[in-house]
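Take a look at the structure set out below.
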Protein chains: 2
Amino acid sequence: MSASQIDAVALDGAGPLYDQIRRAIRDLILNGAWPPGTVVPPEHALMERLGASRMTVHRALGQLAREGLITRRRRSGTIVASPPASHAMLDILSIPEEVRGLGHEYSYRILARRDGRAQRPVVALFELGRAVEVVHLTVLHFADGVPHVLEERVIHLATVLAAGQEQFAAMPPGDWLLQNSLWSQAEHAISAVAAEIDQAQLLAIGEGEPCLLVERRTWNQREPVTAVRLLYPGGRHRFIGRFGPYGKV
Amino acid sequence: MSASQIDAVALDGAGPLYDQIRRAIRDLILNGAWPPGTVVPPEHALMERLGASRMTVHRALGQLAREGLITRRRRSGTIVASPPASHAMLDILSIPEEVRGLGHEYSYRILARRDGRAQRPVVALFELGRAVEVVHLTVLHFADGVPHVLEERVIHLATVLAAGQEQFAAMPPGDWLLQNSLWSQAEHAISAVAAEIDQAQLLAIGEGEPCLLVERRTWNQREPVTAVRLLYPGGRHRFIGRFGPYGKV
DNA sequence: CAGTGGTCTAGACCACATC
DNA sequence: ATGTGGTCTAGACCACTGG
């Protein structure tokens, strides 16, 4: 906790005080100004800085903790949390974890890589804007040596500059992005499609067999980060989620 | 608000006071003791009844409001909310609404109904227990007269007694259940399958065409309520959800 | 106008984990 | 032992809205 860190907390005067505090700190985290592990000022320091009572500061921090942006422990204080690796319903964010969680050995192979301006089909597919600089990857993931899922990914270079130099030799691009980029929003779509001939060959299934197609696009503060299409051979895969009528359970 | 209603709020002495209050009221709602529309006692009444400060009562009620179980308005007070008709990701709870939302005219037809003890395949399929009394329905839903989704549903009679007398003439069973049963938990699974010959005929697609299979099972307080398999012709359907790394946005 | 919830304060006590 | 967060109280003022 440096002086500059607590000075960075600035209110905007809009809405309830506790919510101004919450948003101020949330923005510092999402902007990357307070990366994971950063020590958040203790409640009494924020009280002084902001002229708020402790209950009000506590309410703001408690909400951020419930949202998972920070973790709080007595005595040791509050730190910015690492974004959770997986989430709820469909967040197969890490394919290696998914495969190992199923009890299989994981491996992957980069089938193709093309850097440069996005081609027309990619632009349409991912709605990332016309002719922006991207890294375009095709990756095949294996479970016990058997094709598990076919990944086609576009990484927006302006947002994730380091991707241009990365070879993705140590880990597949999805995992690398988790460690080397920030995201604040994602959109998923799931559909069922028939495997096209080239996809079927790669996945070692028959042409036309049903596959689950998971498309995910992520942004950080309006800036596109990456878009990915994951093609899972049908039948072998299910996505499961549990809910209550009023929300997650 | 009758006296019996406020007397029904009982704490269990476990954990923080605000959480005891929250759980006490939540349970009354989920049990059906306080059905949707019930007037929840105002904060000052709960203060007196429970011997808690207003801030503590307010914290409990505020949390229930954020969870969507109650709605609160100044002056007019707090009432038990109606369970939301749709939810987050995959909750196509109402197929009529889904179809109309897409701009099509909705219709449906009950293809088959079989009441009585669950047959073996149904028992295995829905894991509802062996040889329990159920209503077993097959329903085809149409959008503009075109087959939209094929529904196979089992309703657990012990939990939803009225289903035995219901003809589902006014609305399909999913919508009827929303109005005539309570549920506290649901589980979804999504997968891609090839249409079998009889399914393909009903849906007016080719045999083997990819379909999105959505399976949902719901319970109320551990008791099974219903289980359903929805088969959507592939390609034509996508399920979309938006998230942030720390939760829904 | 009066009753309701929404917010905020000042202060207190406690639980917990590290020092 | 001390600093941190977790809870709770008593009281206050305000905003909204139905009678």
Side-chain angles (χ1 to χ4, degrees), chain A residues 1-3 5-6 9 11-26 29 34 36-81, chain B residues 1-3 5-6 9 11-26 29 34 36-81:
Chain A
M1 242 313 300
S2 69
Q5 273 175 26
I6 192 165
V9 184
L11 307 183
D12 59 9
L17 184 53
Y18 73 85
D19 206 53
Q20 295 181 47
I21 300 173
R22 182 186 67 83
R23 283 182 284 109
I25 295 175
R26 181 203 62 187
I29 294 172
W34 289 5
T38 302
V39 174
V40 176
E43 295 183 350
H44 67 81
L46 289 166
M47 285 175 62
E48 279 190 23
R49 155 94 180 134
L50 302 169
S53 79
R54 197 181 142 222
M55 275 294 285
T56 302
V57 170
H58 182 74
R59 184 170 176 177
L61 294 177
Q63 195 164 332
L64 289 170
R66 277 192 303 277
E67 292 167 6
L69 275 90
I70 59 178
T71 62
R72 319 195 70 195
R73 280 192 1 234
R74 286 166 170 152
R75 170 70 188 179
S76 46
T78 300
I79 60 170
V80 176
Chain B
M1 243 312 299
S2 70
Q5 272 176 29
I6 193 165
V9 183
L11 307 183
D12 60 9
L17 183 54
Y18 72 86
D19 206 54
Q20 295 180 48
I21 300 172
R22 183 186 66 83
R23 283 183 284 110
I25 295 175
R26 182 202 61 187
I29 295 173
W34 289 6
T38 302
V39 174
V40 176
E43 296 182 350
H44 69 80
L46 289 165
M47 285 175 63
E48 278 189 25
R49 154 92 180 136
L50 302 169
S53 78
R54 199 184 139 219
M55 274 294 285
T56 303
V57 170
H58 181 75
R59 185 169 175 179
L61 293 178
Q63 196 164 334
L64 290 171
R66 277 192 303 277
E67 293 168 5
L69 275 89
I70 58 177
T71 62
R72 320 194 70 195
R73 277 190 8 232
R74 286 165 170 153
R75 170 70 187 177
S76 47
T78 300
I79 60 170
V80 176

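To find a chain, count down the sequence lines: A is the first, B the second, and so on, and within it residues start at 1.
The main-chain N or O of A/Ala14 is found under 3.5 Å from a side-chain atom of A/Arg23 such that the two form a donor-acceptor pair. With B/Arg49 contributing its side chain and B/Ile6 its backbone, the two residues share a donor-acceptor pair below 3.5 Å.
With rounding to the nearest 0.5 Å, the separation of CZ in A/Arg66 from CZ in A/Arg72 is 10.5 Å. Between the CZ atom of A/Arg26 and the CG atom of A/Asp19 there is a distance of 8.0 Å, given to the nearest 0.5 Å.
Contacts of B/His58 with the nucleic acid, taken as non-hydrogen atoms under 4.0 Å apart, include base atoms. Among the protein residues, B/Leu17 comes within range of the sugar-phosphate backbone only, with heavy atoms under 4.0 Å from sugar or phosphate atoms but none that close to a base. If you check every strand for non-hydrogen atoms under 4.0 Å, B/Gly15 touches nothing.
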*How far apart are the C-alpha atoms of A/Ile29 and A/Ile70, what are their side-chain angles, what is the distance that settles it, and do they pass the side chain to side chain contact (heavy atoms under 4.5 Å, CB included) test?*
CA-CA 9 Å; A/Ile29 294 172; A/Ile70 59 178; 3.7 Å; yes
_Stepwise side chain to side chain contact (heavy atoms under 4.5 Å, CB included) check, A/Leu61 with A/Ile25_ = CA-CA 9 Å; A/Leu61 294 177; A/Ile25 295 175; 3.8 Å; yes
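Between the P atom of C/dC16 and the CZ atom of A/Arg72 lies a distance of 16 Å, rounded to the nearest Å. The interatomic distance linking A/Glu48 (CD) with D/dT4 (P) rounds to 12 Å, in whole Å. Regarding A/Leu46, its CG atom lies at a distance of 17 Å from the C1' atom of C/dT9, rounded to whole Å. When rounded to the nearest whole Å, the span between CE of B/Met47 and P of C/dT4 equals 13 Å. The CD atom of B/Glu43 sits 15 Å away from the P atom of D/dC8 (whole-angstrom rounding). The distance from atom CD1 of A/Ile79 to atom C1' of C/dA17 is 14 Å, rounded to the nearest whole Å. Atoms CZ (A/Arg59) and C1' (D/dG5) sit 17 Å apart, rounded to a whole Å. Straight-line distance from the CZ atom of B/Arg66 to the P atom of C/dG6: 10 Å, rounded to whole Å.
Between A/Gly77 and B/Thr56, the one whose closest nucleotide on DNA chain D sits nearer the 5' end is A/Gly77. Between B/Leu61 and A/Gly51, it is B/Leu61 whose nearest contact on DNA chain C lies nearer the 5' terminus.
Between A/Glu67 and A/Arg22 a salt bridge is recorded (basic side-chain N to carboxylate O distance below 4.0 Å).
Proximity of A/Tyr18 to the phosphate of C/dC8: no side-chain N or O atom is located under 4.0 Å from OP1 or OP2. An OP1 or OP2 oxygen of D/dT4 is reached within less than 4.0 angstrom by no side-chain nitrogen or oxygen of A/Thr78.
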Could you go through nucleotides 10-13 of chain C and list every protein N or O atom that sits under 3.5 Å from one of its N or O atoms, giving the distance for each pair?
| residue | atom | partner | partner atom | Å |
| --- | --- | --- | --- | --- |
| C/dA12 | N6 | A/Arg54 | NH1 | 3.1 |

Anything under 3.5 Å between a protein N or O and an N or O of nucleotides 17-19 of chain D, put it in a table, one pair a line.
| residue | atom | partner | partner atom | Å |
| --- | --- | --- | --- | --- |
| D/dG18 | OP1 | B/Arg73 | NH2 | 2.8 |

